[in-house]
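Everything below concerns the one structure shown next.
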Protein chains: 2
Amino acid sequence: MATVDLETARTAALDAAESLFYARGVQSVGMDEIRSTSGVPLKRLYQLFPSKSDLVEAYLRRRDSDWLTSLTHYADAHADPQQRIPAVFDWLEQWFAEPGFRGCAFVNAFGELGATSPAVANAVADHKAAFRHYLADLTTTAGGTPALAAQLALLAEGAITTAAITGSPAPARQARAAAQLLLSLS
Amino acid sequence: MATVDLETARTAALDAAESLFYARGVQSVGMDEIRSTSGVPLKRLYQLFPSKSDLVEAYLRRRDSDWLTSLTHYADAHADPQQRIPAVFDWLEQWFAEPGFRGCAFVNAFGELGATSPAVANAVADHKAAFRHYLADLTTTAGGTPALAAQLALLAEGAITTAAITGSPAPARQARAAAQLLLSLS
DNA sequence: CGCTCGTGAGAACGTGCGTTCTCACGGCCC
DNA sequence: GGGCCGTGAGAACGCACGTTCTCACGAGCG
């Protein structure tokens, strides 16, 4: 029966979309390449995602949840709330050092499509809001103010962008040091 | 004589390219729209810029120099070196509040084309390096270390991205406050 | 005055790609 | 076993757009 693999097909499509869109940008990847990479025939691709924009949005939504899940698992593993914030930057450093790292998928998508697609702009805004929200939780748990949390978010954001453009994971350590300093003042 | 307006045509073309590319992204603006907006006929556009990629690169190069010139004029107007660094963030805040602000043109271009065009990736890297270099000058003049300069750059970078995505100029003030704190520790 | 050469306006060409259509195939139900 | 329906593979369509070509025009020169 075919309906069985509907979910697997969806996963395969999203896997292909994620690796291709992230590596090369949305507009330089055609639906045909999604098809050949995923093995999901075009017809079913369009059953699952009525248009390319739908696939793009689903890609962003899934990546949002995966990314944040991975980060929170890593940081929350530290029992001491004071150590969870530096751990965020450690996690970033590992991410930056991964082969194929090319910055924040959401920032990239925003630059590419934010001006022409409100759906993309919203997905990006939601992702960043979720990240700031998580950081705010960590910060208040560690005894910091919301203002500090906002500053830590800026450091992380700047580190991601700078690491992408320079191709070096060093910004993670610089941001971590600044975060520690700001944290120690509160 | 036609050769007279070669420079004016070039300027008009770059003006149109800048406003259109920045507002909507490179790939959603066609050469024909550059033509109609600038008034420069297609033939001459292709004399000035043999391909769209050349126009894109020229757009980035000119914006790099204009952007940095505007920033340095603003910050260097402050006699006290200690005040120049906060002034950078004041300048950012004014920029963020401008109508049509849509983040850093270079970060946007990187997300759109960085993976497929080395020329764009290089232009972006050069721009960010120039910015960091300027900030490093300001920082050492104010008695800070290179490490501090790097952290200030991350704050600025994060503020730009966050302001773009949230549509609010508030990140400039948050980054300014963090910068002042870090500066006061050195 | 006629010839030439560069220009401007816009048509035309080629390609890439999002989306849809064709058609033969293979299970499933009566 | 025979019609029916969904499937897979891929061709086909339509459009957008980068790039080039056509052609009529007007200035400069012998």
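Per chain, numbering begins at 1; letters A, B, ... match sequence-line order. Note that these values count all heavy atoms, side chains included, but never hydrogens, waters or copies made by symmetry.
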Practice item. Output, in order, the C-alpha distance, side-chain angles, deciding distance and verdict of salt bridge (charged side-chain N to carboxylate O under 4.0 Å, His left out) for B/Glu93 and B/Arg176. Key: CA-CA 9 Å; B/Glu93 184 176 9; B/Arg176 186 190 143 117; over 6 Å; no
N/O to N/O distances under 3.5 Å, protein versus nucleotides 19-26 of chain C:
| unit_1 | atom_1 | unit_2 | atom_2 | d |
| --- | --- | --- | --- | --- |
| C/dT19 | OP2 | A/Tyr46 | OH | 3.0 |
| C/dT19 | OP2 | A/Lys52 | N | 2.9 |

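- Note: CZ (A/Arg35) to P (C/dG18) measures 12 Å, nearest angstrom.
- In this structure, the CG atom of B/Leu6 is 12 Å from the C1' atom of C/dT7, given to the nearest Å.
- Among the heavy atoms of the strands lying under 4.0 Å from B/Val29 are primed sugar atoms or P, OP1, OP2 only; no base atom is included.
- Taking every heavy atom of both residues into account, B/Leu92 and B/Ala156 meet most closely at CD1-CB, 4.0 Å.
- In this structure, B/Ile34 places its CD1 atom 15 Å from C1' of D/dT19, rounding to the nearest Å.
- Annotation: side chain of A/Glu157 is in contact with side chain of A/Val107 (closest heavy-atom distance under 4.5 Å).
- The neighbour count for B/Arg173 CZ, taken as heavy atoms of other residues, nucleotides or ligands under 6.0 Å away, does not exceed 12.
- End-to-end axis angle for the helix from C/dC1-D/dG30 to C/dC30-D/dG1, using five pairs per end and rounding to 10°, comes out at 20°.
- Within 4.0 Å of B/Glu33, counting heavy atoms only, lies no atom of the nucleic acid at all.
- In this structure, A/Thr11 and A/Asp15 have side chains that are in contact, with non-hydrogen atoms separated by less than 4.5 Å.
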Check your understanding: Checking salt bridge (charged side-chain N to carboxylate O under 4.0 Å, His left out) for the pair A/Arg61/A/Asp64: CA distance, chi angles, key distance, verdict?
Key -> CA-CA 5 Å; A/Arg61 295 291 176 195; A/Asp64 172 33; 5.3 Å; no
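- A donor-acceptor pair shorter than 3.5 Å cannot be found between the side chains of A/Asp66 and A/Thr69.
- Rounded to an integer number of Å, the gap from A/Leu45 CG to D/dG6 P is 19 Å.
- Side chains of B/Phe110 and B/Cys104 form no contact here, defined as non-hydrogen atoms less than 4.5 Å apart.
- Using a 30° and 60° split on the angle between ring planes, B/Trp67 and B/Phe131 fall in the perpendicular class, above 60°.
- Between B/Val56 and B/Phe49 the shortest side-chain heavy-atom distance does not fall below 4.5 Å.
- Summarising the geometry of B/Ala87 relative to B/Ala75, their closest heavy-atom pair is CB-CA, 4.2 Å, with the distance given to 0.1 Å.
- Residue A/Gln27 is out of contact with every strand shown, counting any heavy-atom pair closer than 4.0 Å.
- For DNA chain D, no neighbouring residue in residues 108-121 of chain B is found when judged by any heavy atom under 4.0 Å.
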